[in-house]
Chemist: 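A single structure is presented below for examination.
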Amino acid sequence: MNAEIIDGKAVSASVKNRIAVETAALTEKNGRKPGLAVVIVGENPASKVYVNNKKKACAEVGFESFEYALAEETSEEELLNLVKKLNADSKVDGILVQLPLPRHISENKIINAIDPKKDVDAFHPENVGHIMIGDYSFLPCTPAGVMELIASAGVSIEGKHCVVIGRSNIVGKPMSMLLLHKNGTVTICHSRTKNLKEITKTADILIAAVGKAYFVTADMVKEGAVVIDVGMNRNAENKLCGDVDYENVKEVAGFITPVPGGVGPMTIAMLMENTLTAYKQRRDSECP
Ligand code: GUN
C-alpha cells in the first residue's frame, strides 16, 4: 500500500487565496491594509527562515508587515517596551514574537504583555483559555493547520483514536483540544510515556510533534492511519526532515503529510487568517 500524500502547499495556497480576495475588498472599503508585526530576537537560523516566510505570505495576501529584527543582547525590558508600543500602534492588528527567545528573556512575560486582541499566535493565557473552552477568537496556528489538512483529506475525526506525540504549549496541548472538540478520542504521549509503540499502533490519526528526526517508524503505525508530521528537523546531511520516517511510513499509512510541504505552509496560512480576524474585530469594535 502507498499512502495518499496530503499536499500542504496546495491547501495553504487555496486558504491564502480566499484571504487575499477578502483582504482586497476590506482594504478598499476601509482604506487600510491589515498589518502584522513580526519580532525576532537574535540569530537563530530556523527562526529567520520562518520569519521570512511569514513576511512573504503577508505580501501575497495583501497585508502590511512590520519586521523588528533585534540583537541577541536585547534586554527583556527593551522587548517589553517594543511590545507595548506595538499594542498601541493603530496600524498593527497582529503581533508575533518569534520563539524561542534568548535565555535571558522570559517568554511568559513577553507573551503576557501582548494585547490578547493582537495575539495572532493565540499564546496569551486569555486566548489559551478560549481554546480550552472551544470558543476560538484566534486559532492556534499549527494545530489549526493540521485540522485543515485532515479535513482536506476528507477524513472525519469523530470517534477516531487520535494520538498526539508531544505536549508543548505551541502544538501538543492545543492540538489535543481541537481534536477533542471534533469528538476524537485523544491520547497525548510524551517523553515519559511507557509503551509508546503500543499506543501509536492503535492510532487512527497520528500527529507527530516531537522535534526528533525520523522518530516515528513504520512499526509504530497502524495500517491505513492518517499520519501528520509537525516536525521540522535537520538530518545528518543537514537536509530538512520531519519527525516521521516518511519513506517507510508511507508504505503503511493511508494518508501522510510530507516535510517540507505539509504542515509548515498551513501554519502560515492560519497566521494570515488570524491577522485578518484581528483586523476585522478591531474595525468592528473601534470604528463606527
Ligand atoms: N516558533 C516555532 N513555532 C512558532 C509559532 O508558531 N509562533 C511563534 N511565535 N514562534 C514559533
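When reading the values below, keep in mind they use all heavy atoms of this one structure, side chains included, and skip hydrogens, waters and symmetry mates. As the structure lists them, so they are numbered: ligands from 1, and atoms in each ligand from 1.
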Chemist: Check Lys91 with Glu64, please: is the shortest side-chain N to carboxylate O separation under 4.0 Å?
Modeler: no

Chemist: Quick one: nearest non-hydrogen protein atom to atom 10 (N) of ligand 1, plus distance?
Modeler: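 Among all protein heavy atoms, the one nearest atom 10 (N) of ligand 1 is Leu99 N, 3.0 Å.
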
Chemist: Can Tyr50 be said to touch ligand 1, with heavy atoms closer than 4.0 Å?
Modeler: no

Chemist: Under a 4.0 Å N-O cut-off, is there an ion pair linking Asp93 with Arg32?
Modeler: yes

Chemist: To the nearest 0.5 Å, how far apart are CG in Asp119 and CD1 in Ile111?
Modeler: 8.0 Å

Chemist: Of the non-hydrogen atoms in Val15 and Ala269, which two are nearest, and what is the gap between them?
Modeler: CG1-CB, 4.0 Å

Chemist: Give the numbers and elements of all ligand 1 atoms closer than 4.0 Å to a heavy atom of Leu96.
Modeler: 9 (N)

Chemist: Under 4.5 Å between side-chain heavy atoms, counting indirect links through other Ile/Leu/Val/Met/Phe/Trp/Tyr residues: same cluster for Met232 and Ile170 or not?
Modeler: no

Chemist: Among all the protein's non-hydrogen atoms, which is closest to atom 7 (N) of ligand 1, and how far away is it?
Modeler: Asp121 OD1, 3.0 Å

Chemist: Are any of the N/O atoms on Val97, whether in the backbone or the side chain, positioned under 3.5 angstrom from an N/O atom of ligand 1?
Modeler: yes

Chemist: Closest non-hydrogen protein atom to atom 11 (C) of ligand 1, residue and atom name please, with distance?
Modeler: Gln98 NE2, 3.4 Å

